Amino acid sequence: MNLALRDIRYHLGSFAFTTVGIGLLLMIVMGMGGIYRGLVDDATVLIDRIDADLWVVQRDTRGPFAEVSRLPAALEERLRAVPGVVASRRFVSHTIQREHAGRSLRMTVQGLAWPEDRGTWLPLIAGRTLDTAHFGLIADRSLGLDLGESLQLGRDRYTVVGITAGMISQAGDGMAFFTSNDAQAIQNDGDGESQRLERAARSARVGAADIGRIQPGLIERAGGSSGNVPVLAPPPVSAVLVWVAPGADPAQVARTIAGWGDASVYTSTEQRDLLLAGPVDKSRRQIGLFRGLLIAISAIIMALVIYTMTLDKVHDIALVKLMGARNRVIVGLILQQALLLGALGYAIAWLLGQRIFLLFPRRVLITGPDLLMLAGIVVGISVLASGLGIWKAMRVRAGEVLS
Amino acid sequence: MSQPIVEARNLRKVYGHDNTEMVALKGASFSVAGGEVVALLGPSGAGKSTLLSILGLVTAPTSGSVVISGTPVVDGARELGDMRAIRRQHIGFVFQKANLIPFLTAVENVQVAMEINDLPSREARRRSLELLDYLGVADRANHRPVELSGGQQQRIAIARALANKPGLILADEPTAALDGERGRQVMELFARVAHEQGAAVIVVTHDHRALDVFDRHLEMEDGELMGA
Ligand SMILES: Nc1ncnc2c1ncn2[C@@H]1O[C@H](COP(=O)(O)OP(=O)(O)O)[C@@H](O)[C@H]1O
Ligand SMILES: [Mg+2]
């Protein structure tokens, strides 16, 4: 005869209520772990997907994920000439926040080195890759844009040609992939008025300088499009990705590039580690600590619940002691109830989480190993929590029945 | 006469110490044989419950010893064995209140006492039902204590006390909460158990109307056993 279950059945209402409470608490613990996992996963999804052998970034910076990195776009060509390099592509990335369809649309603009890179490596769930040099984009599902929808960015209208899933920046914004020229245009081309002002300022500078008087044609050039001004460099890129030929030694290639003096080189793994040690690190630790705190609180609350359940049974415990029950009967009663409470709470946490976590704006990633670890923690908490109740039960004297 | 089931040898019990000292038992000695049903009488505060809880191995005497079936089990504060094991194998308790476990049904309340004593669950259930039948409450087997009358509860409690066929049954004012008629029925039940099962039964009671069912009366006053 199982006393634990019979007691629970008798107090079903209050036990159910308590279990739901513990379940909600565990759901938060579970969710916190999922937010942590999602944060790391979102932060590294792009690096992992691109899977470049080397990341070439601005000299002495930690790369575009950690800080601002600017490299001349021409580096892409120079890198192709390095022995052992099979491919190099510019990496252009920046985040914009615009009004679209009456809402604030925040997206991380990623430039693809079109036509070599059409986005075939992206996890497309609808539409196609970038087939044209201009005005197409592949948007992540999280941006809420539909296939064929068009949006105004700067001076141009762009049309959604493909939809990806799970392409999120480290800040949690959905990514949108453009050709790198378009991406740079979106970054650099302001509205008409500021362009006019910029051109006028350029003309004025040339006009005021000696060279403008010696070569009046320059004044006209300066007032035109920036692409027609030979002394203005094309806009910089954030990084250049390098793929090394099979058989070539990436370390050797990296040493060659590092010797140039205007670039730093990282492997994908290093770039990933820098990212996790940098911008993501504090959020990660913050969530980690909070989760630890929640686990401690859950343990205390469970201990109190189990203790109270034991107090409710002090008379019955004294009675079975009087009848000569061994301690294991009493320990079993309390421990089984604690474990059941933990197990049911965990199940409720999981079931509710399945639905509720989907509503979160950022990804809550519940992984198998994390679930397993939490299950272990819950068992640990249950055993620990029953300790207080068992301690109380062991101190109950059989004689208390008589008084 | 056969060997007594329980023997009290010069039991003394002092509660508290120094200036709060209270002598509840002043050297009580007596024995009860199997098949004998004994009434323990006396005014409130005489020390009856104290004596019973010492015989039941629940409270340690200050001095003196308890012998069960010829084996000394308690000598002063010293325990000469596993008290809980002796309790579950040899002693059955009945109290003024039935003290049934509220979350168990009537039959389960009896069954649990048997399972505590290592009887397999199925066998325990069968025998528990038999016992309820013996005590005339078989029809209440699957009811919880709150659904039973005081008299029915007390019968379940007696069934529980009989669960492991104890040699010694200790009852402390078991009929105090029952009316005269039902009280007498319970006392007759004790006599029947003693006579039919050969148990030594000691019943503390105030109820003088049912004294005729007992084989012997022990009178207590102010911690002293008068005998009868
Ligand atoms: N746990 C205790 N601590 C102190 N004094 C007690 C305790 N139990 C009983 N007493 C005292 O011992 C005396 C005998 O009590 P008790 O055995 O309960 O008497 P009875 O059952 O005959 O009424 C009483 O004076 C009572 O106050
Ligand atoms: Mg008393």
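In what follows, chains carry the letters A, B, and so on, assigned in the order in which the sequence lines appear, proteins first and then strands, with residues in each chain numbered from 1. Values below: all heavy atoms of this structure, side chains included; hydrogens, waters and symmetry mates excluded. Everything numeric in this text was worked out from a predicted model, so none of it was measured.
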Per-residue contact mode, [X] against chain A (heavy atom under 4.5 angstrom):
X: B/Glu115; value: side chain
X: B/Arg125; value: neither
X: B/Asp172; value: neither
X: B/Leu104; value: side chain
X: B/Glu108; value: both
X: B/Ser49; value: neither

Could you look at [X] and say if it's the side chain, the backbone, both or neither that has a heavy atom under 4.5 Å from chain B?
X: A/Ile8; value: neither
X: A/Asn327; value: both
X: A/Ile330; value: side chain

Contact leader toward chain B among A/Lys313, A/Lys321, A/Arg9, A/His315, where contacts are heavy-atom pairs under 4.5 Å
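Among A/Lys313, A/Lys321, A/Arg9, A/His315, the one with the most close pairs to chain B is A/Lys321.
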For each of A/Leu322, A/Leu402, A/Val329, tally heavy-atom pairs with chain B at distances under 4.5 Å, and name the one with the top tally.
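The option with the most such pairs is A/Leu322.
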Decide whether a cation-pi geometry holds between A/Arg363 and A/Phe357; the criteria are a distance under 6.0 Å from NZ or CZ to the six-membered ring centre and an angle within 45° of the ring axis.
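Here A/Arg363 fails the 6.0 Å and 45° test against A/Phe357.
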